[in-house]
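Just below is one structure, and these are the notes that go with it.
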Amino acid sequence: VSANQNLSGEDLRNSLRASLGQWYRSRALDKLKEKTKRYASIIGVSPASVTLKDYKARWGSCSSSGDVTYNWRIIIAPHQIVDYIVVHELCHLLEHNHGPDYWKHVELVIPNFKDCRQWLKVNGERLTI
């Protein structure tokens with residue numbers, strides 16, 4: 001924005017929001033790839049790819065072919081919540097459902113996963129810019 005442009009307060013907020021969103025997205029992919037690699041090693045899985053999307057109603061997904069996709073907005077959450085989401089998606093490489101065996105895998109890595117799930121239910125909609 002040049003000094004001679006007069007932006008309304010709303011235009012300035014929107015511009016800042018867009019810039020901040022772009023900054024978060026650029027850092028989210030690197031950070032989530034790093035966490036995915038670390039937890040994949042712990043869990044003993046190998047995702048085919050790691051990508052980002054702007055999901056409206058989910059924090060991540062894992063395809064049957066091993067492609068892991070995260071909502072970029074999770075990078076705004078506390079580290080333990082990000083870790084939970086990464087582990088949640090990676091455990092789908094072991095169990096492609098949310099059955100009891102699946103949750104046992106998650107709990108081995110994130111013992112307080114229920115607290116993390118609750119945090120997301122209460123605070124997830126606040127993960128915006």
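As the structure is a prediction and not an experimental result, all values here were calculated from the model.
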Next on the checklist: For residues Leu12 and Leu20: do they belong to one hydrophobic cluster (side chain heavy atoms under 4.5 Å, members Ile, Leu, Val, Met, Phe, Trp, Tyr)?
Outcome noted: no
Checklist entry - How long is the span from the NZ atom in Lys33 to the OG atom in Ser49, to the nearest 0.5 Å? => result 8.5 Å
Checklist outcome for this item: On a heavy-atom basis, the closest approach of Glu89 and Cys62 is OE1-N, 3.4 Å
Next on the checklist: Same cluster or not: Val109 versus Val86, using hydrophobic residues (I, L, V, M, F, W, Y) connected whenever any side-chain heavy atoms lie under 4.5 Å apart?
Outcome noted: yes
Checklist entry - His88 vs Trp103 aromatic rings, parallel, tilted or perpendicular, using cut-offs 30° and 60°? => result perpendicular
Next on the checklist: Under a 3.5 Å threshold, yes or no: a donor from one side chain and an acceptor from the other, between Ser61 and Tyr70?
Outcome noted: no
Checklist entry - For Leu120 and Ile74, what are the C-alpha separation, side-chain angles and deciding distance, and is it a side chain to side chain contact (heavy atoms under 4.5 Å, CB included)? => result CA-CA 10 Å; Leu120 280 168; Ile74 68 169; 5.9 Å; no
Checklist entry - How long is the gap from CH2 on Trp59 to CD1 on Ile81, to the nearest 0.5 Å? => result 10.5 Å
Next on the checklist: Using side-chain heavy atoms (C-beta onward) and a distance below 4.5 Å, is Ile110 in contact with Asp83?
Outcome noted: yes
Checklist entry - Which pair of non-hydrogen atoms, one from Val82 and one from Ala77, has the smallest distance, and what is that distance? => result CG2-O, 3.7 Å
Checklist entry - Taking the side chain from Asn71 and the backbone from Arg58, do they hold a donor-acceptor pair closer than 3.5 Å? => result yes
Checklist entry - Can you find a heavy atom in the side chain of Ile75 that is under 4.5 Å from one in the side chain of Arg27? => result no
Next on the checklist: So Glu95 and Lys104, do their side chains get closer than 4.5 Å, heavy atoms only?
Outcome noted: no
Item to check | Tyr84 side chain reached by Arg117 side chain, heavy atoms, under 4.5 Å | outcome: yes
Next on the checklist: Using the side chain to side chain donor-acceptor pair (under 3.5 Å) criterion, which residues pair with Ser65? Sequence neighbours excluded.
Outcome noted: Ser63, Asp67
Next on the checklist: Do Leu94 and Tyr39 sit in one hydrophobic cluster, given that two such residues count as connected whenever their side-chain heavy atoms are within less than 4.5 Å of each other, even indirectly?
Outcome noted: yes
Item to check | Ionic contact status for Glu34 with Lys37, cut-off 4.0 Å | outcome: no
Item to check | side chain to side chain contact (heavy atoms under 4.5 Å, CB included), paired with Trp119, selected from Asp115, Asn123, Val122 | outcome: Asn123
Item to check | Arg73 side chain vs Leu127 backbone, donor-acceptor pair below 3.5 Å | outcome: yes
Item to check | Rounded distance (nearest 0.5 Å) linking atom OH of Tyr102 with atom NE2 of His96 | outcome: 11.5 Å
Next on the checklist: What I'd like to find out is whether the side chain of Trp72 reaches to under 4.5 Å of the side chain of Leu29, using heavy atoms alone.
Outcome noted: no
Checklist entry - If we only count heavy atoms from C-beta on, is the Ile43 to Leu93 side-chain gap below 4.5 Å? => result no
Checklist entry - Applying the 4.5 Å side-chain criterion to the ILVMFWY set and letting contacts propagate, would Tyr55 and Tyr24 be lumped into a single cluster? => result no
Checklist entry - Can you tell me how far the CG atom of Leu108 sits from the CD1 atom of Ile42, to the nearest 0.5 Å? => result 11.5 Å
Checklist entry - Looking only at heavy atoms, which two atoms of Arg17 and Asn14 are closest? And how far apart? => result NH1-OD1, 3.1 Å
Item to check | Check: Gly21 main-chain N/O paired with Arg25 side-chain donor or acceptor under 3.5 Å | outcome: yes
Item to check | Separation of Gln118 CD from Asn112 CG (nearest 0.5 Å) | outcome: 12.5 Å
Checklist entry - Looking only at heavy atoms, what is the nearest atom pair of Leu90 and Thr36, with distance? => result CD1-O, 3.7 Å
